[in-house]
Amino acid sequence: MTEAVESRHFIQQLIDSDIESGQWGAPGDRSVVTTRFPPEPNGYLHLGHTKAIILNCGLAREYGGKFYLRFDDTNPAKEEQEFVDSIKSDIEWLGAEWDGDVKFASDYFEHMYAWAIELIEKGLAYVDDQSVEEIRAGRGNLKDGGKASPFRDRSVEENKDLFARMKAGEFENGSKVLRAKIDMNSPNMNLRDPLIYRIVNVTHHRTGDTWHIYPMYDWAHGLEDSIEGVTHSLCTLEFEDHRPLYDWFIDAINQGRSDEEQIHHPQQTEFSRLALSYTNMSKRYMRQLVDENHVHGWDDPRMITVAGFRRRGYTPESFWMLASDVGITKFNAIVDFSRLENMVREDLNKRAPRAMAVLDPIKLVITNWGDGGDEDRLESMEVPNHPQDESFGSRTVQFGKELWIERGDFMIDPPKKFFRLGIGREVRLRSGYWVKCHDFKADADGNVTEVHCTYDPSTRGGNNPPADEEGKVRKVKGTIHWLNVNDAIDVEVRMFDRLYMAERPGKKSGDHLDDLNPDSLTVISNAKFESGLVDRGPQEPAWGDGIRRFQFERTGYFCEDGDSSAQKLVFNRTASLRDSWAKQGR
RNA sequence: GGGGAAAUGGUGUAAUUGGUAGCACGAGGGUUUCUGAUACCCUUAGUUCGGGUUCAAGUCCCGGUUUCCCUACCA
C-alpha cells in the first residue's frame, strides 16, 4: 500500500532547502519566508493574477511566514486610486489576507533616490541626454551589440548635479534619464545600460507633485523587495531575462559596503502564468471589450476579471482549487476552461442549497386533481434543501392543479430514451406526485402551451406507489422539477456562455473580436422561481461574500445579481449542471 | 554562431533525485439515485526525436526538433 505523499512543486522544494541551509535566517526557521503580491494599480485583477496571489499567500501560510500586498505605483501616468481600491477588495474577496499595512512603492521613493546617488558615486550610473530614438538605436538589436552613449563618461560631479536637477523638476519629460553603466554588448538586452529613472511630470495619485522623476521597474522592484525583507520574489516567466539585472542592482548597491551595511538580497524565481482556453488575459483586449461595449463593464459576468467571476457566482474557494489543480511549473500550459467550471461545480454541489426554478415555463394541468378533493385545493409538500446533506433542512412548497414545468421536459414525439413527458408517459414531479400525460395544447404556430396529465394520489411526496398483488412496484425513469403557478414568481435569469468561440481568441485572424461569441448572453425575463425563497430564510447558508447562491434543480448553479431587487429578482447562472443527456444529442 | 527558458496519456501534473511511469480532469462503459446531478466501479491512453553511458535512463551525456520570452523613458 503506497501512501499518498503530497508532492512539492519546485518553488516549495527551493524554499525547503533554503530553510534547511539557513539561507534567510536560523536553519530550520520556517517563519522567515516572506512573499508579496506586487500589482501595479493600473487595472482590474483578472484570473491570471489569482494564481500569483494564491501562490504567494499560500506559501506564506504554509511556512508560517509573511505575505505582503504592495502596490508597484512607479508610473503615475497609468495609475489611479480607483484601481488600488478594487484590487484590495478583490484580494480580500479571494481570502488572501495580507500581513500588516498595504505597502506602496511610492513610500520608498526617497530611499531609492539615495541609492541611485550611490550608484552615481560609484561610477555605475550616468545621466543620458539622448532622445528616446537615440537610446533605442544605441541599444542595438538581438543580433548586434549596441554602442555607448556620448554621455556615458560624464564625471560623477556632473551626473550628481544633473540628477539632482532632474529630481527638482528642471527638465522636460524625455529630456534626460539616469542609466546604469553595465554592458552595451551584453547578449541580454536588459543589461545594455538599462534606464533607472525617467522624468515624468505627472501628478501621482499618492505623492502628488513632489516627484518629477520616477524609478523604472527593474530598479524599483528588487529594492522594494529588499526593503520589505522579501525572501522569495516570485514572478512570471517573462522576467527570467530580468533576473540578472535584479541581482546586478542589489549587488551594485552592496558593492563596497561592509557586511553589516549590506542590503537584503531576495531570490527572484519565475513560474509560468495561467492561461485558460477560450479566454485572453490581455489587459488591452479586456479594456477594448469594455470600452466598445462588447460587455457591460469590468464586472460583467462573462469577463475573466475577479470582479466578473465574483458577480458570476464563482466562489473564492474555486480559485484556490484551480490553483492547486494546475500547480506551479515553468511550462507554458493552457488549462481547459472547463476545469475551472468543474471546480465551482464541485464546491457549489456541496454548499449550495437547492431550489426549484423553471427557466422556460409551460403549464402542466392535472385534469383529475378534483378526484382527490377540492379542485382548488393546495397541498403542502416538504422538500429537502440538499439531497445528500440533511443539515440543510427542508422547506414547504405548494402543489396544486396547475403547475409550471420546463418546456424541454415535454415532447410531442419523444424518442425512446427520453425519460420525461410525452403522450402516455409518466414522470415523477420531484417531491410532488407522479403524473401521466394524456394530452397537450398548442398554439397556431405549433408551440406547446399546456400539457395535460393525471396524477396518482398514492405517490404523494414523490414516493413510489404501493406494490401490486404480484409484489411489483411501478417504476418511472424521469423526475422533473416544477412550481405551482400560485407559488411561483417571475424572475430574471441571465445565462452566460463563453465570450469567445475560439480556444485561443485572436490567434487565427489577429483580432480577438473576430472570435467573439454572439450568443454569450441570454436574458430570460419570465423565469419562475419559488416565492418562498424570495427572502433569505433562516436555514439558508450565509456565504462569506454575502452573495446568495442556489442550485436550481436540474438546471445549474445560480447566484443573485447585484441588480436584483425585491420587485424583480435577478439571477446569474454560474455554471450549468453536467448533462449527459444533452451530450447524447450532439 | 544573438541570449534565456521549457518539452511526460487528449488536458494539467507527479515520479523517493539513476530503480515498478502515479494522480486528477476528460472520454467510453457500468452501478446507485426522487436532479439524465452527485457518489461509486471499470476501461482508455504517455516519457519530443536520434545517439551514448549504465545491470538499469523520464531522470545523466552529446546532437537535433518544437514552443515560449527578450530590441518600452510600461510593469
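Chain A is the first sequence line, chain B the second, and so forth, proteins listed ahead of strands; every chain is numbered from 1.
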Please, what dot-bracket string fits RNA chain B when only Watson-Crick and G-U pairs with both distances under 3.5 Å count, crossing ones use [ ] and pairs to another strand use |?
-> .((((((..((((.....[..))))((((((.......))))))...(((((..]....))))))))))).....
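Contact of A:Arg339 with B:rU11 (side chain to base): a donor-acceptor pair of N or O atoms is detected under 3.5 Å. A donor-acceptor contact under 3.5 Å links the side chain of A:Asp241 to the base of B:rG3.
Using a 4.0 Å heavy-atom distance criterion, A:Leu577 is classed as a base contact. Within 4.0 Å (heavy atoms only), A:Glu238 reaches sugar-phosphate atoms of the nucleic acid but no base atom. Here A:His221 lies out of heavy-atom contact (under 4.0 Å) with every strand. Among the heavy atoms of the strands, none lies under 4.0 Å from A:Gly327. At the heavy-atom level, A:Asp144 lies nowhere under 4.0 Å from the strands shown. Counting non-hydrogen atoms under 4.0 angstrom, A:Lys477 reaches nothing in the nucleic acid. Using a 4.0 Å heavy-atom cutoff across all strands shown, A:Arg354 reaches at least one base atom of the nucleic acid. Residue contacts for A:Ile480: at a heavy-atom cut-off of 4.0 Å it reaches no nucleic acid atom on any strand shown. If you check every strand for non-hydrogen atoms under 4.0 Å, A:Glu553 touches a base. Nucleic acid contact for A:Asn141: base, since at least one base atom lies under 4.0 Å from a heavy atom of the residue.
The side-chain ring of A:Phe419 is stacked on the base of B:rG36, judged by centre separation under 5.5 angstrom and plane angle under 30 degrees. Stacking between A:Trp581 and B:rG36 is shown: the ring centroid lies under 5.5 Å from the centre of the six-membered base ring, and the planes differ by under 30°.
When the shell of 6.0 Å around NZ of A:Lys477 is examined, it contains 12 or fewer heavy atoms from other residues, nucleotides or ligands.
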